[in-house]
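What follows is a set of notes on a single structure, which appears directly below.
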Protein chains: 2
Amino acid sequence: MSSGYDVGMTASAPTPRTGVAFLLAQLGAHAAGLFADRIAGLDLTPAQAGLLRMLAAAPGRSQRELAGDLGMPPSRFVPFADELEERGLIERRRNASDRRVYALHLTGKGEALLAELAQAGMAHEQQLCDALTDEERDRLLVLLRRMADQQGLRPDVHPGYRNLRPKPKP
Amino acid sequence: MSSGYDVGMTASAPTPRTGVAFLLAQLGAHAAGLFADRIAGLDLTPAQAGLLRMLAAAPGRSQRELAGDLGMPPSRFVPFADELEERGLIERRRNASDRRVYALHLTGKGEALLAELAQAGMAHEQQLCDALTDEERDRLLVLLRRMADQQGLRPDVHPGYRNLRPKPKP
DNA sequence: TATTGTTATACTCTATAACTATA
DNA sequence: TATAGTTATAGAGTATAACAATA
C-alpha cells in the first residue's frame with residue numbers, strides 16, 4: 001500500500017487521535033449532537049434550551065444582555081425570542097422606569113418544559129457516561145472542571161450554540 | 001432579587017454546569033476554537049487540516065470517499081479541494097484503470113505544511129492541558145478514550161468540522 | 001444503467017446597518 | 001446624543017438536483 005511520497009517526517013500524522021485536545025473536540029461535538037437530537041423531541045434547539053435555563057437562573061434580564069451571553073447579535077435575538085414567546089414559554093415585560101427595555105421571564109409553561117428538559121439532561125448524561133463507573137465519572141468531573149476553570153470558561157452559559165440547528169425529518 | 005414566578009421545581013436549572021456532558025461540550029467547543037485560531041496562522045481551516053492529515057495517513061483515495069469522511073457532500077468537496085490544489089498542497093492524479101476517479105495525494109509542499117501543523121498541534125495540546133500534571137493527563141486520556149470507544153467514535157477523522165470557518169481580520 | 005466528478009440553482013442563515021421609541 | 005429593540009437588505013454558504021464523462 002502507501003504509494004508515492006514520503007518526505008522526511010511524514011509518519012502517522014501530527015497528534016490527532018492521540019491527544020486530549022482531539023478527544024475533547026470529538027466527544028464534545030458528539031455530546032452536543034446527541035443532546036440536540038434528544039431535545040428535538042421537545043421541539044427545542046440547544047440555544048432555546050440555553051435561554052430557558054438562563055431565564056430560570058436569572059430572570060428579568062434585557063434582550064441585549066441575553067443575546068450577548070448566547071453569542072448572537074441583538075437583531076438575531078428578536079425573532080429567536082419571538083418564537084418562544086408565541087409558544088407561550090417566555091414573556092416580555094416592559095420596564096416601568098425605562099420603557100425601552102424588556103425584562104424577559106419564564107412563564108408557567110416554560111417552567112414546566114424546563115422540568116422535562118432536566119430529565120432529558122439526566123438521561124443524556126447517563127448515555128454519555130455509560131462506559132464509566134461512578135467513581136471514574138467523579139474523577140473525570142474533577143479534571144474537566146479544573147481544565148475549564150483554568151481556561152477561563154464561565155461555569156454556566158453556552159458551550160457551542162451558534163451553529164446548531166434542528167434536523168429535518170425524512 | 002429574583003422577582004416573579006417559582007412553580008414547584010424551579011431551582012437552579014437542570015444539570016448544566018454540573019455534568020460531564022456539558023463540560024465536554026463546553027471544553028470541546030473551546031478546544032476546537034483555539035485550534036482553529038492557531039492554524040489560521042498557517043492559512044488553514046480545521047477541515048483543511050483534517051484533509052491533509054487524512055491524505056498523509058491514507059494517500060490516493062477518491063474525492064467521494066474523502067468527502068464522506070469529512071461529512072460534506074461531494075459537490076462541496078470540489079471547490080474545497082480546488083483551493084488546496086491551487087495552493088500546491090495537494091495533487092489530483094487520474095486513475096489509469098478507471099478514468100472517472102481522481103486519486104488525491106499530498107505534494108512535497110503539503111508534507112512540509114503538515115509538519116508545521118504537527119508542531120501547532122503539540123502546542124495546542126499543552127495549552128489545553130496546562131492545569132493538569134502529566135499523570136493526570138494520562139488518566140484523563142484513558143477515560144476519554146474509553147468513552148469515545150464506547151460511543152462508537154472512530155479513532156481518527158473529524159470531530160466537528162462542518163461549521164468552522166476562518167475568522168475575518170479586523 | 002450506474003458511478004465519479006462537476007456545475008447550477010435555489011434556499012437558508014447571518015450580520016450590517018438603517019430605523020423607532022425612549023431616555 | 002445615546003441606547004433598547006426592531007426591521008430590511010444584501011451577502012455568504014449550503015444542499016439538491018441536474019449534467020458530462022466514463023464504466
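Below, chains carry the letters A, B, ... as their sequence lines are ordered, and counting in each starts from 1.
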(message) Suppose we screen for side-chain contact (heavy atoms from CB on, under 4.5 Å). Which residues come up paired with B/Q126, at least two apart in sequence or across chains?
(response) none
(request) For B/F80 and D/dT14, give me the distance from atom CZ to atom P, rounded to whole Å. (result) 10 Å
(request) Could you check how far CG of B/L66 sits from C1' of C/dG5, rounded to whole Å? (result) 13 Å
(request) Check the distance between D/dA20's C1' and B/R99's CZ and give it to me in whole angstrom. (result) 14 Å
(message) Tell me whether B/R93 is salt-bridged to B/E91, with the criterion being a basic N under 4.0 Å from an acidic carboxylate O.
(response) yes
(request) Calculate the interatomic distance between B/M72 atom CE and D/dT14 atom P; express it in whole Å. (result) 8 Å
(message) Going by the rule salt bridge (Lys or Arg N to Asp or Glu O under 4.0 Å), which residues pair with B/R94 if we only count those two or more places apart in sequence or in a different chain?
(response) none
(request) Not counting sequence neighbours, which residues clear ring-ring contact (aromatic ring centres under 6.0 Å, His included) with A/Y102? List them please. (result) none
(request) Between protein and nucleotides 2-11 of chain D, map the contacts as a letter string: B base, S sugar-phosphate only, - none, heavy atoms under 4.0 Å, written 5' to 3'. (result) BBBBBB----
(message) Which residues pass the salt bridge (Lys or Arg N to Asp or Glu O under 4.0 Å) test with B/D98, not counting sequence neighbours?
(response) B/R100
(message) If I take atom CD in residue B/E83 and atom P in nucleotide D/dG13, what distance separates them, rounded to the nearest angstrom?
(response) 11 Å
(message) If I take atom CG in residue B/N95 and atom P in nucleotide C/dT3, what distance separates them, rounded to the nearest angstrom?
(response) 17 Å
(message) Restricting to salt bridge (Lys or Arg N to Asp or Glu O under 4.0 Å), what partner residues turn up for A/D82, sequence neighbours left out?
(response) A/R92
